[in-house]
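To start, the structure under review is shown below, and the notes come after it.
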Amino acid sequence: MRDFVNSKARPEIFNLKPYVPGKPIEEVKRELGIEDIIKMASNENPLGASPLAVEAIKKSLDRLHYYPDSNNFYLKQKLARVNDISEDAIIIGNGSDELLKLLAETFLSPGDEVIFGDPSFVEYEFTATIMGAKCINVPLKDFRHDLRAMLDEITDKTKIIYICNPNNPTGTYSTRAEIEEFMRKIPSDVLVVFDEAYFEYVDAKDYISGIDYVKEGRNAVVLRTFSKIYGLAGLRVGYGFTNPEIAKAVERVTEPFNVNLLAQIAAEAALDDIEHVKKSCRLNREGKNYLYSQFEEMGLKYVPTEANFIFVDTGRNSREVFQKLLQLGVIVRTGDIFGFPSFIRVTIGTEEENKRFINALKEVLGE
Ligand SMILES: *Cc1c(COP(=O)(O)O)cnc(C)c1O
């Protein structure tokens, strides 16, 4: 049987590294037999889902036997209105993860090249590698995207450049000036994918979204998600803005019912939930300041963030720190998978969660 797979499966699949997800709460309960667990590992919203979304779902439970609308009509309509963009410039996916895969399926063939930062979001490498494209990793400089170095890597084989802004796992952002220079210099036949999963959390005054480039008709895609600030990670729905030609091409490879009925309904309702977004931003800002001050007191170096997580140097083997935090019921992410073996990435939680995390971290590092 193994021989069958080895000889018949597409060779590209053997180049894929397995995805390391944030450890689910239930798994930690099973493995360690502890009950009281907080997850600060996957940048989920600690306040939970948008209440308006939950209410909308409850009201639509009698419609589950129907297929969802394959055109996402109402969700697109609302996204178009909110973002002042035409409906035919919008793509919707089963999470923005799926949109990354659909973009790869639309554009990438074996031998093509893609460029992204290192470390950055792992899905760029995953989706490009499946299609047989060659991945060019450009190391971050001071934890930030080095856009000039990325431009230098462009060849006549380059199809896509991914800019994760703010970047996961570092939380850093590329400034308006940097993006403008980059967009002036980039050849028109390279697709720029701006991954803006944490867009709503950004406070920096000199941040810009890629959406204006999309509206100008450039070969660009802006990806956003309902998984983070809207608190709908479990439902899987993400969206993107791009020019209508690209949107149409992506639609060709999209499964007819890729976004489920509840996800569409919840996402549409969540867009109206301005209160929940505001509350989540406020909580995040307060939590960020608290964690900064605690890290400083503890003498730990951290990377200032524009997102809802912090990349912090524990000065120890992060796998050991991770394991010990786990024993205390706190799940975080280790930095070794991102090439920073002494760092952890922690999601900013509620006030109570942040305190519990800091107490646990003090205990672990004080040993
Ligand atoms: C969480 C995240 C996403 C995507 O999430 P979906 O749940 O698939 O919408 C995309 N990009 C980055 C950088 C992320 O951190």
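Whatever order the structure lists them in is the order used to number ligands and atoms, beginning at 1.
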With Asp84 via salt bridge (charged side-chain N to carboxylate O under 4.0 Å, His left out) - residues at least two apart: none
Would you confirm whether the ring centroid of Phe309 sits within less than 6.0 angstrom of the ring centroid of Tyr198? yes
Under 4.0 Å from ligand 1, counting heavy atoms only: the protein residues, by chain and number: Gly95, Ser96, Asp97, Phe121, Cys164, Asn168, Asp195, Ala197, Tyr198, Thr225, Ser227, Lys228, Arg236
Are Phe343 and Phe143 near enough that their ring centres are under 6.0 Å apart? yes
Does Phe311 have its ring centroid less than 6.0 Å away from the ring centroid of Phe340? yes
Smallest separation among heavy atoms of Ala247 and Thr242, with atom names: N-CG2, 3.6 Å
Name the one of Glu35, Lys39, Arg30 that satisfies side chain to side chain contact (heavy atoms under 4.5 Å, CB included) with Ile25? Lys39
